[in-house]
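Computed over heavy atoms, backbone and side chain alike; hydrogens, waters and symmetry mates excluded. Letters go in sequence order (proteins before strands), and every chain restarts at 1.
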Amino acid sequence: MNKTNHSEKVLVAMSGGVDSSVTATLLKRAGFDVAGAFMKLWRPGDNFKQDKNEEKAKEIADSLDIPFYSFNFGEEFKAEVVDYFLKEYRQGRTPNPCVVCNNEIKFGLFLKQASDLNVDFIATGHYARLKRNNKVNIYRPKDKSKDQTYFLWQLDQNKLDKVLFPLGNFEREEVERMADSLNLPDRAQESHEVCFIPNEIKDFLNKHLDEKPGKIISEDGEELGEHEGAYLFTLGQRKGLGLSNGPWYVLEKNVKENKIVVTKERENLKKKELIADEINWISGKPDLPMKVITKIRYNSSGVKAELKEQDNKLKVTFNESQWAIAPGQSVVFYSGDQLLGGGVIQ
RNA sequence: UGCCGGGUAGUGUAAUUGGUAACACACUAGUUUUUGGGACUAGCAGAUCCUGGUUCGAAUCCAGGCCCGGCAG
């Protein structure tokens, strides 16, 4: 941000938390014409907590003396994110709702609403960097420990063209310090875990998926116990099996037969390759095959791999076998710090 | 109902062959980069099949009973 005078308009997605509050502050200081907006998303049951966060966001907007909007995306969020989430589980896969939410809601609907307000940009508190040449590219942030680029792989040029990530060049600690020194009204908690699930995922799925007890089987076919529904598990899962003499890990799940196969050998969950579908390239498809850094889960450091085309899909071959690659999760590709794109694991 | 082995926390095992019950898993909580999962740390348990007996002292020895595997037929 080098703006100091023009008044380009920016709409900041404000959750009431530290990151988005500092985002708004930074933009204002940089001379942008800033407004804030809260997104109301779908929640089961009462919305008490969300309303509170909206209040906080509004207070912060007021204290910054910027206009404040509230968008109700409840229905759309339910349709795009929650229903997708359930559908994936129903098929025995492991969805990544945050990826979809980013693409459909935050950088989809929100962006659209923002355009209707005639703003030039939207901004969020994501830790990621954008570099603009003739294309806009996403890079990992300065604070590698907060890197959120994993969740942004579905974005495209149309969207990125209107996006700002002011926090990309800051350490999380600096952001916190700024928030403290700003004396912002008390801030909302940062979100962890699936935002629309109040307690246990298990309970949520149980309520929506019609779970039935089924068998837990060992690799050699021995019946070891019962589970409450095969949907509930994901590959590599250890908790919740209730088996003794372990630890046991979910090796396969068979939703049709409502059966879970477990192993004691972690090694058996390692795979050298995967097939990815629904590929998105952020600034165009590169020449394949190519060597990249990949991540198959948010919470991991990248590993080297080679990408090849296979049918209409992408075959990812890792230099080192990866553990518990779960269908439905995202695999993303980097070249150095640049996020090239990603896909959904089959 | 001629013959062996065994019954210990929710589960699986251990306890120098008499000395005052341990370990793992499960479970619970916390930590960890907006998902699932994983990992790490901590916590948790009146559990010695029953009844008698021997002994200062028994999960360990003895007797009887009940139950469970199996060798047997």
Could you work out which one of [options] sits closest to the side chain of [X]?
X	options	result
A:Pro247	B:G36, B:G10, B:A26	B:A26
A:Ser244	B:C25, B:G36, B:U28	B:C25
A:Arg238	B:G36, B:G38, B:U35	B:G38
A:Ile201	B:G38, B:G36, B:U34	B:G36
A:Tyr249	B:A39, B:U34, B:G36	B:A39
A:Asn96	B:G36, B:U35, B:G37	B:U35
A:Pro97	B:U34, B:U35, B:G36	B:U35
A:Thr234	B:G36, B:C25, B:G38	B:G36

Distance, rounded to the nearest Å, where [X] contributes [atom1] and [N] contributes [atom2]:
X	N	atom1	atom2	result
A:Gln237	B:A26	CD	C1'	14 Å
A:Leu86	B:G36	CG	C1'	14 Å
A:Ile345	B:G37	CD1	P	15 Å
A:Leu269	B:A39	CG	P	11 Å
A:Ile216	B:G10	CD1	P	19 Å
A:Ile105	B:U35	CD1	C1'	15 Å
A:Leu243	B:A24	CG	C1'	14 Å
A:Tyr84	B:G36	OH	C1'	10 Å

Fill in: Geometric class of the A:His126/A:Phe107 ring pair [parallel <30°, tilted 30-60°, perpendicular >60°]
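The arrangement is tilted - the two ring planes meet at 30° to 60°.
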
Discussion item. Which label fits A:Tyr89 and A:Phe85: parallel for a plane angle under 30°, tilted from 30 to 60°, or perpendicular past 60°?
Written reply: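 The arrangement is perpendicular - the two ring planes meet at more than 60°.
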
Discussion item. Centre-to-centre under 6.0 Å for A:Trp153 and A:Phe333, is that the case here?
Written reply: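 Centroid distance A:Trp153-A:Phe333: not below 6.0 Å, so no.
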
Nearest-Å distance once atom [atom1] is located in both [N] and [M]:
N	M	atom1	result
B:C61	B:U48	C1'	15 Å
B:A58	B:A39	P	43 Å
B:C50	B:A59	P	11 Å
B:G2	B:A9	P	29 Å
B:C44	B:A24	P	14 Å
B:A45	B:A21	C1'	13 Å
B:A72	B:C40	P	47 Å
B:U54	B:U13	C1'	30 Å

Worksheet item: Under a 4.0 Å N-O cut-off, is there an ion pair linking A:Asp62 with A:Lys58?
Response: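 Yes, charged N to carboxylate O under 4.0 Å.
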
Using purine N1 to pyrimidine N3 plus N6-O4 or O6-N4 for Watson-Crick, or N1-O2 and O6-N3 for G-U wobble, each under 3.5 Å, what pairs with [N]?
N	value
B:G5	B:C68
B:U31	B:A39
B:C23	B:G12
B:U51	B:A63
B:C44	none

Worksheet item: Which comes earlier along RNA chain B counting from the 5' end, the contact point of A:Leu235 or that of A:Asp147, where each point is its nearest nucleotide?
Response: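 Result: A:Asp147.
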
Could you check whether [X] gets within reach of a base, just the sugar-phosphate, or nothing at all, counting any heavy atom under 4.0 Å?
X	answer
A:Gly240	sugar-phosphate
A:Arg93	nothing
A:Trp248	nothing
A:Tyr89	sugar-phosphate
A:Lys202	nothing

Fill in: Heavy-atom neighbours of A:Asn312 CG exceed 12 at 6.0 Å
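No.
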
Worksheet item: Of all heavy-atom pairs between A:Ala114 and A:Ile122, which one has the smallest distance, and what is that distance?
Response: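 It is CB-CG2, 3.3 Å.
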
Discussion item. My understanding is that only one of A:Asp147, A:Asp19, A:Asp143, A:Asn169 makes a side chain to side chain donor-acceptor pair (under 3.5 Å) with A:Tyr127; could you say which?
Written reply: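 Among A:Asp147, A:Asp19, A:Asp143, A:Asn169, the one that satisfies the side chain to side chain donor-acceptor pair (under 3.5 Å) with A:Tyr127 is A:Asp19.
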
Does [X] contact [N] through a side-chain donor or acceptor facing the base, at a distance under 3.5 Å?
X	N	result
A:Asn102	B:U34	yes
A:Arg297	B:G36	yes
A:Gln329	B:U35	yes

Worksheet entry | Matching residue for A:Phe77 among A:Phe196, A:Phe71, A:Trp42 - test: ring pair (Phe, Tyr, Trp, His ring centres under 6.0 Å) |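 Result for ring pair (Phe, Tyr, Trp, His ring centres under 6.0 Å) with A:Phe77: A:Phe196.
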
